[in-house]
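Working notes for the structure below.
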Amino acid sequence: MASEPQLEIIKGAKVLMVGAGGIGCELLKTLALSGFQDIHIIDMDTIEVSNLNRQFLFRQCHVGQSKAKVARDAVLRFRPQINITPYHANVKDPEFNVDFFKQFNVVLNGLDNLDARRHVNRLCLAAEVPLVESGTTGFLGQVTVHAKGKTECYECQPKPIPKSYPICTITSTPSKFVHCIVWAKDLLFAKLFGDKNQENDLNVHSGDADNSSKQMEDVFIRSLDENLEEYGRKIYDHVFGYNIEIALTNEETWRNRKRPTPIYIRDVLPENLPGQNGNLENCTNEGSPVSAMSSLGFKNSQDVWSLAESSKIFLEALRLFFEKRDKDIGNLTFDKDDQLAVEFVTAAANIRASSFGIPMHSLFEAKGIAGNIVHAVATTNAIIAGLIVIEAIKVLKDDCKNYRMTYCLEHPTRKMLLMPVVPFEANKSCYVCSETPLLLEINTHSSKLRDFIEKIVKSKLGMNCPLIMLGSTLIYEVGDDLEEDVAASYNRNLDKVLAELPAPIISGTIVTIEDLQQEFSCNISIKHRQAPDCLDASESIWLTNSSGRFIDGFPTETNR
C-alpha cells in the first residue's frame, strides 16, 4: 500500500506514454489503477484484428480506429475521474519537440522499433526528463531506467539488429522482403495447408457477395463444385487484391507511408484460362520431389522471377499441393527443405512485395531469408507494464539509488524469473550522451553525399532532419522554410562525391551533424578508406566510437 506522500507524488505527476500496443494497453491500465491522474499517450497506429488476442482494451468494433484514442476511452470507463490525452500521431512529428517533452515528469516507452526508441531517448536527454524503456519478445522482456547524469542512456550500449517482427507490420505494413516471407510462411501457407483450427490473422471474408451471410463465408474453404484453377484464382485475388483494397480504406495508416497496389490475376495473367497451367506429368517422376518450377520448366533457383512468373508458380504450387499431396493438407507446417513449400512461399512473398513496392528476390535468397516470427505473450506484457510503473514511481520520488534494470526470463536463473540489475553509469564513449566524436572510415573519392546521409546520418545515427557542416560551411540542410534556390543547391550536392563538395570532406576533416528537432549533434572525424576490390566503394563504410566499437555492432559492409 502506497504511503500518503507517495500517493500525492503519483497524483501530481504528468506522465507521457509512447506506444499504446501490447505493452501500452497493460501500462495504461496499470497507471490508471495505481493512482496516476494525468497521462498523455502518443501512438500513430490503428487497431488491427491481429491485436485483439493480447491488447485487451480493444474489441472487434474498434478495428481501423486509433489505438491511443480507443485505449483512452476504454480506461475512462472504469477510471472516469482521471485525465488521459491521446495523440494519434508519430512521436517523430515536429510538434513533439523538446519543449513538449519538458512538461512531463517521466516518459514511459512501449515501442516496437529501434528508430523511434532512439528518437525518444534523445528528446528525453535534451529535455532532461527521465525515461523508462521497455520491450518484450515472447516470454522475454526488460525494463530499464535512463536518467541524464545518473545512468547510461538508451544508446550507450550497441543494440542488436532485431530478428523478430511485430505482427502488425507483417499483416498490414511490410517494408522489407523478410516481412513478406514471414507473411507468406506463417499466415498464408499455414492457412491453406496447415491446421484449420489454428488461429490465423489473415482476413478470410469477402465483400464480393451481395448476401451478407455469404460475405461471412471463409474464402479459403473450397466448395465442392469449385475446380482447382478457379479456387487458385479466387485465393490469389482475395489475398493480393481484395485484402489490399480493404487495407487502403484506412487513410490514417497510409498518411505517412507508401500506398500498396492491389494485384488481381486478370491483370497479371490475362491469358490464364483453364488448362493453361503447368504440365503435371513433368513433376510425377518417381522419387523426385513435386515441384512447380519443374512443372513450368523453370530451372535456375537463383533467377528473380517477374510478377507474372511468380503468379504462375503460386497457382501451380497450390494446384500441386491439392493434386499430389492432398493427404498432407491440414497437417503441414513450413519446412525449408520442402521444395514445393519453398516455391509457394517465395512466389507469394514476391507478389506481396510487388504490391508494396519492395524488391523481389530469388528462390535461393528467399529460402535463406525465411525466419521465425516471435509472437507476443500477453502475460509478459502485463509483467513488464507492472515493472515500468514501479520504476516510474522511483523516478518520481528521485530514488535513484534504488533504480533497477529488470529482465524477465523464460527459465529460472538463481531460482528467479525476474532478474534485477543496478543500472550502469553512462558510457564515456557514447556519442549521444557523452558527446564524444566518432570516426568514419569511408572512400571519400567515390562515396557520394547521398550515401553519407542515408547510410550513416539517417540509418546509423538515427537523425531525421540533418544539418551537415564542415567548419562554418553549411553543406546540407532540410526544412520546409528553406528558399527554393537554397534547397536546390543542397540537393545538387547529394550526387557529388565527398571529396568534390564545395567544402571537401576528405581525410582529416571533422564534420558536424545536427538534428534540430532532437536537439542532438555530434562530430565525425573522417578517414579515407580505399574499398576492397570485391566491394562497391560506397558500401565500404566503417563507423566507430572513440573506443573502437562499431556503431550498431557491425561495419556497414557486413550488413549488405
Side-chain angles (χ1 to χ4, degrees), residues 5-6 9-10 12-19 36 38 40 42 91-92 96-111 114-135 142-159 387-407 419-438 461-464 512-524 544-549 551-552:
Q6 184 171 301
I9 291 173
I10 290 172
K14 191 172 185 178
V15 177
L16 175 63
M17 275 178 52
V18 187
F36 286 85
D38 191 358
H40 294 240
I42 303 173
V91 71
K92 294 168 71 174
F96 305 117
N97 54 22
V98 173
D99 286 337
F100 175 85
F101 271 67
K102 282 181 177 178
Q103 65 183 299
F104 300 101
N105 300 107
V106 65
V107 176
L108 314 177
N109 261 0
L111 291 163
L114 178 62
D115 190 42
R117 284 181 166 121
R118 292 163 77 177
H119 184 77
V120 172
N121 176 61
R122 294 171 190 187
L123 288 172
C124 286
L125 285 170
E128 298 190 9
V129 176
L131 168 67
V132 182
E133 179 60 71
S134 66
Q142 75 282 331
V143 173
T144 56
V145 184
H146 307 283
K148 187 173 182 178
K150 298 175 182 177
T151 71
E152 66 177 5
C153 82
Y154 176 73
E155 297 176 78
C156 274
Q157 305 297 331
K159 301 297 183 289
L387 292 170
I388 293 171
V389 175
I390 289 171
E391 294 305 320
I393 292 172
K394 294 178 189 175
V395 166
L396 295 173
K397 294 167 59 182
D398 198 23
D399 188 12
C400 55
K401 291 183 179 180
N402 287 312
Y403 289 173
R404 291 294 180 270
M405 301 189 298
T406 306
Y407 297 90
M419 180 69 69
V421 179
V422 176
F424 300 123
E425 293 182 356
N427 181 355
K428 294 180 180 179
S429 299
C430 177
Y431 68 95
V432 178
C433 66
S434 298
E435 300 180 0
T436 56
L438 297 170
L461 300 182
M463 295 191 184
N464 304 310
T512 300
I513 308 168
E514 296 184 19
D515 188 311
L516 299 181
Q517 184 187 0
Q518 298 177 350
E519 292 195 14
F520 167 64
S521 68
C522 69
N523 293 322
I524 300 181
T544 57
N545 61 18
S546 60
S547 62
R549 175 176 286 172
I551 304 301
D552 287 348

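Residues take their numbers from the sequence shown, with the count starting at 1.
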| note | Taken in chain and number order and not counting sequence neighbours, the residues that satisfy side chain to side chain donor-acceptor pair (under 3.5 Å) with Ser134 are none
| request: Go through the steps to decide whether Leu123 and Val129 satisfy the test side chain to side chain contact (heavy atoms under 4.5 Å, CB included), and finish with yes or no. | output: CA-CA 8 Å; Leu123 288 172; Val129 176; over 6 Å; no
| said: Less than 4.5 Å apart, side chain to side chain, heavy atoms only: is that true for Met463 and Cys522? | reply: yes
| said: Among residues at least two apart in sequence or on other chains, which ones pass side chain to side chain donor-acceptor pair (under 3.5 Å) with Thr512? | reply: Asn523
| query | With side chains defined as the heavy atoms from C-beta onward, is the minimum distance between Leu16 and Leu108 less than 4.5 Å? | reply | no
| note | Residue set satisfying side chain to side chain donor-acceptor pair (under 3.5 Å) with His119, at least two apart, ordered chain then number -> Asn464, Gln518
| request: Report the residues that fulfil salt bridge (Lys or Arg N to Asp or Glu O under 4.0 Å) with Lys397, sequence neighbours left out, ordered by chain and then residue number. | output: none
| message | If the condition is salt bridge (Lys or Arg N to Asp or Glu O under 4.0 Å), which residues does Asp38 pass it with, not counting sequence neighbours? | response | none
| request: Any chance you could lay out the side chain to side chain contact (heavy atoms under 4.5 Å, CB included) test for Ile9 and Ile393, step after step, and finish with the verdict? | output: CA-CA 8 Å; Ile9 291 173; Ile393 292 172; over 6 Å; no
| query | What's the spacing between Asn402 CG and Asp399 CG if we round to 0.5 Å? | reply | 4.0 Å
| query | Heavy atoms, side chains only, cut-off 4.5 Å: are Ile513 and Phe520 in contact? | reply | no
| query | Are side-chain heavy atoms of Leu396 and Phe36 found at a separation under 4.5 Å? | reply | yes
| query | Is the side chain of Gln517 donor-acceptor paired with the backbone N or O of Lys92 at a distance under 3.5 Å, no angle test? | reply | yes
| ring pair (Phe, Tyr, Trp, His ring centres under 6.0 Å) partners for Phe100, two or more places apart | Tyr87, Phe96, Phe104
| query | Considering only heavy atoms from C-beta outward, does the side chain of Cys433 approach that of Cys156 to under 4.5 Å? | reply | yes
| message | So, using salt bridge (Lys or Arg N to Asp or Glu O under 4.0 Å) as the criterion, who are the partners of Glu155 when residues are at least two apart? | response | Arg118, Arg122
| request: Would you confirm whether Thr436, through its side chain, and Ser429, through its main-chain N or O, come within 3.5 Å as a donor-acceptor pair? | output: yes
| said: Checking Glu133 now: which residues fulfil side chain to side chain donor-acceptor pair (under 3.5 Å) with it, not counting sequence neighbours? | reply: Asn109, Arg117
| Main-chain N/O of Asn427 paired to Ser434 side chain as donor or acceptor, under 3.5 Å | yes
| said: Looking at every heavy atom in both Tyr403 and Pro423, which two are closest together, and how far apart are they? | reply: O-CD, 3.1 Å
| field | Rounded distance [0.5 Å steps], NE2 in His146 versus CG in Asn121 | value | 7.0 Å
| note | On a heavy-atom basis, the closest approach of Gln157 and Glu152 is NE2-OE1, 3.3 Å
| Listed by chain and number, what are the side-chain contact (heavy atoms from CB on, under 4.5 Å) partners of Glu519, not counting sequence neighbours? | Val98, Ala126
| query | Considering only heavy atoms from C-beta outward, does the side chain of Thr144 approach that of Val132 to under 4.5 Å? | reply | no
| Is there side-chain contact between Cys430 and Cys153, with at least one heavy-atom pair below 4.5 Å? | yes
| said: Please enumerate all residues that pass side-chain contact (heavy atoms from CB on, under 4.5 Å) together with Val422, with sequence neighbours excluded. | reply: Arg404
| query | Can you check whether His40 reaches Val15 side chain to side chain, under 4.5 Å on heavy atoms? | reply | no
| Counterpart residues, side-chain contact (heavy atoms from CB on, under 4.5 Å), relative to Ser521 (two or more places apart) | Glu514
| remark: So the side-chain hydrogen bond (donor to acceptor under 3.5 Å, both in side chains) pairs with at least one residue in residues 97-106 (sequence neighbours excluded) are Lys14-Gln103
